[in-house]
Each structure stands twice: as structure tokens, then as C-alpha cells.
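We count residues from 1, following the sequence as given. We use all heavy atoms of the structure for the numbers below, so side chains are in, but hydrogens, waters and symmetry mates are not.
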Amino acid sequence: METKATEISSSKMFGGYNKRFKHFSPTLGCSMTFHIYFPPLPSSSHKFPVLYWLSGLTCTDENFIIKSGAQRVASSEGIALVAPDTSPRGLNVEGEADSWDFGVGAGFYLNATQEKWKNWRMYDYVVKELPKVLSENFDQLDTSRASISGHSMGGHGALTVFLKNLDKYKSVSAFAPIVNPINCPWGQKAFTNYLGGNKADWEEYDATCLISKLNDVSATILIDQGEDDKFLHDQLLAQNFEEACRNAKVPLLLRLQPGYDHSYNFIATFIDDHIRHHAQALNM
């Protein structure tokens, strides 16, 4: 199996390149694709810091690259964008594609403990395997300078990955994240199937629970949330995370955006602020 990353497409944008790669993932037991946006290279020895983007339910590694417009400011700030897929694919596990909010396209960025879903180890893929693949294949990337962001399920992933690995990431941001999955239908469905019935195991992948156990978060967490997002009050639960941050004295900038929904139109509107938020942390 080819673990080395092979380029499968390339397209120029804002002086840099969107490139898509394929490799075999030992962590997930299947072939995976990911996108990198490489800004224009100022010199042959230059190394770019990395901003990981974790996408939401039903997405692939393509959605963010095609729809967000993040490349404009990433190009000018000199930050490489890395967008992995949202789950293993092609494993043909019974029921993996029966619903849009679980299984394929819905990995929830955790390590499943239930035997049937044992390949759903997106947490290890994002935190351990992917950075290793990047550093081994791309000399122009400096994976020691990394930040992380995401949307919805991917916002949940970005927050939990950051909070569990404060030494690995300089900053975090999210759009409309699922911040308290143990208390919403999407999270309860996913966690029951991936992690089993022990609620203590669920809390390890819940940003609101994790915040209450930490006292050393110094980087400001940036979250944008559309006020007209139809998932806000039953699935996303931004207010729960806000309260947990306040109690733990964790710096949070939660911006409620009037009139905006859950779509990439919302993301594209505010993505420049997020790229600059990370650029400031990555270039310090």
C-alpha cells in the first residue's frame, strides 16, 4: 500500500496552488485524500506554517478549498491550508452510509472504541498521522508551527483537538461548532455508536467538558456563530461553551453574527478574520 502522498490534482490560485493528494492511511486502514493550499514560495528554503481545517458532516476534503475563499488571505499571510477528509471511506462497514450524520462523512474526529467502527480513528489521523505525512512529503511546510480551525462537526474537532494538545497548536478558531456534543442529538448518536454507553468516555471529546478541566489556555479562542443558524439552539449550544469558558477563565471571543446561517456563505464572509487570527499566533 502506498503511504507516500501522491498528487492527484493541482490548480493555481492567488499566486499559489491548491493541490490534492492521496495516500494509504495505516491509522484508518484505507486510502485517504487531503488538500493543501501552498502560498507563493518567497524562496526555495522558505517553510510555511500550517493551518488545519476540519470540515463538517457530509463534507470531503474539497468543500473548504472550493467554497471558502480562504486562499486569498492565506496567500498574503504566507500560511499553508491543510484540509483532510471527514472519515474513512471505502471500508464497506455495514450501515456506514445509512445516515448523513453518522459513519461515512461523519467521523467526529474521535477514536472509536466499538469493534464495528474500529477504523474510525480520525483523532489519531489528524493529530498524529497527517502531520507526519506532511513533514515527510513536503519540505516547504513547517508542521511545528500549526494552528487548527473548522466548521460544525469540524469546529468540534478543532476545539477538542486543540484543548487536548495545547503543546501542538498555536491557536484555534471555529465556525458554528458543535461545542457540547454530549448534550445534542448529533453528538449523542455518534458517541453512542463510536464510543459505547459510558458517558465519561464521551466527555473526552466534548469541548465544553474539556474546558472545565483546563486552567492553562492562554490563546484566545475565536468562534463565529450565525444567529439565523437553524442548528444553533438544539445542536450547537454555543451558550454552554461560553459559560464554561467564563467559569474556567478561558479567553473566548464568541461573535454572534445577525442574519447568518450554517452555510459556506457565512464561512466565506468571516474567513479572513480567522486566517489573520491564526497568522498572528503562527508568526509570533
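Counting only residues at least two apart or on different chains, the ring-ring contact (aromatic ring centres under 6.0 Å, His included) pairs with a member in residues 56-90 are W53-F64.
Salt bridge status for E136 with K132: present, with a side-chain N to carboxylate O gap under 4.0 Å. Using a cutoff of 4.0 Å between basic side-chain nitrogens and carboxylate oxygens, K118 and E115 are scored as salt-bridged. Here D101 pairs with K189 in a salt bridge; the nearest charged N to carboxylate O distance falls below 4.0 Å.
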*Given the rule in the side-chain hydrogen bond (donor to acceptor under 3.5 Å, both in side chains) test, do S10 and K19 qualify, once you have shown the distances and angles that lead to the verdict?*
CA-CA 4 Å; S10 178; K19 291 180 180 285; 3.0 Å; yes
Can you list the steps and then say if H262 with S152 is a side-chain hydrogen bond (donor to acceptor under 3.5 Å, both in side chains)? CA-CA 8 Å; H262 198 68; S152 196; 2.9 Å; yes
- Could you walk me through whether S171 and H278 pass the side-chain hydrogen bond (donor to acceptor under 3.5 Å, both in side chains) check? CA-CA 6 Å; S171 54; H278 295 295; 2.7 Å; yes
task = Could you walk me through whether H23 and F34 pass ring-ring contact (aromatic ring centres under 6.0 Å, His included), step by step?
result = CA-CA 9 Å; H23 74 116; F34 61 88; 5.6 Å; yes
Trace of the ring-ring contact (aromatic ring centres under 6.0 Å, His included) decision for H46 with F48
CA-CA 7 Å; H46 186 82; F48 298 113; 4.9 Å; yes
Starting from the C-alpha separation in whole Å, work towards a yes-or-no answer on ring-ring contact (aromatic ring centres under 6.0 Å, His included) for Y260 and F270. CA-CA 11 Å; Y260 285 92; F270 300 104; 5.0 Å; yes
(request) Begin with the C-alpha distance, continue with both residues' side-chain angles, and end with the deciding distance and a verdict on side-chain hydrogen bond (donor to acceptor under 3.5 Å, both in side chains) for D206 and N180. (result) CA-CA 6 Å; D206 183 295; N180 194 196; 2.9 Å; yes
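A donor-acceptor contact shorter than 3.5 Å links the side chain of H156 to the backbone of F108. For S75 (side chain) and Q71 (main-chain N/O), no donor-acceptor pair under 3.5 Å exists by modelled atom type. Using modelled atom types, no side-chain atom of E227 and backbone atom of G259 make a donor-acceptor pair closer than 3.5 Å.
A 4.5 Å side-chain heavy-atom check between S25 and E129 finds at least one atom pair inside the cut-off. Residues R20 and N18 fail the side-chain proximity criterion, which asks for heavy atoms closer than 4.5 Å. Contact of the D85 side chain with the E62 side chain is not registered, since no non-hydrogen atoms from C-beta on lie closer than 4.5 Å. Within the 4.5 Å cutoff, the side chain of K230 has no heavy atoms near those of the D261 side chain.
For Q280, the CD atom sits in a loose shell: 12 or fewer heavy atoms of surrounding residues, nucleotides or ligands are nearer than 6.0 Å. Atom NZ of K116 has more than 12 neighbouring heavy atoms from other residues, nucleotides or ligands inside a 6.0 Å radius. Heavy-atom neighbours of Q140 CD from other residues, nucleotides or ligands within 6.0 Å: above the threshold of 12.
When the side chain to side chain donor-acceptor pair (under 3.5 Å) test is applied to D224, the partners found at least two apart in sequence or on another chain are R255, Q257, H274. Remark: E204 engages K164, K213 in a salt bridge (charged side-chain N to carboxylate O under 4.0 Å, His left out) (not counting sequence neighbours).
Applying ring-ring contact (aromatic ring centres under 6.0 Å, His included) to F38 and the options Y17, F138, F14 leaves one that passes, F138. Considering F231, F191, F102 in turn, F231 is the only one that fulfils the ring-ring contact (aromatic ring centres under 6.0 Å, His included) rule with W186.
Side-chain contact check for S55 and T86: no donor-acceptor pair (N or O, by modelled atom type) lies under 3.5 Å.
For the pair S87 and G103, the tightest heavy-atom approach, listed with the atom from each and the gap, is CB-O, 3.7 Å.
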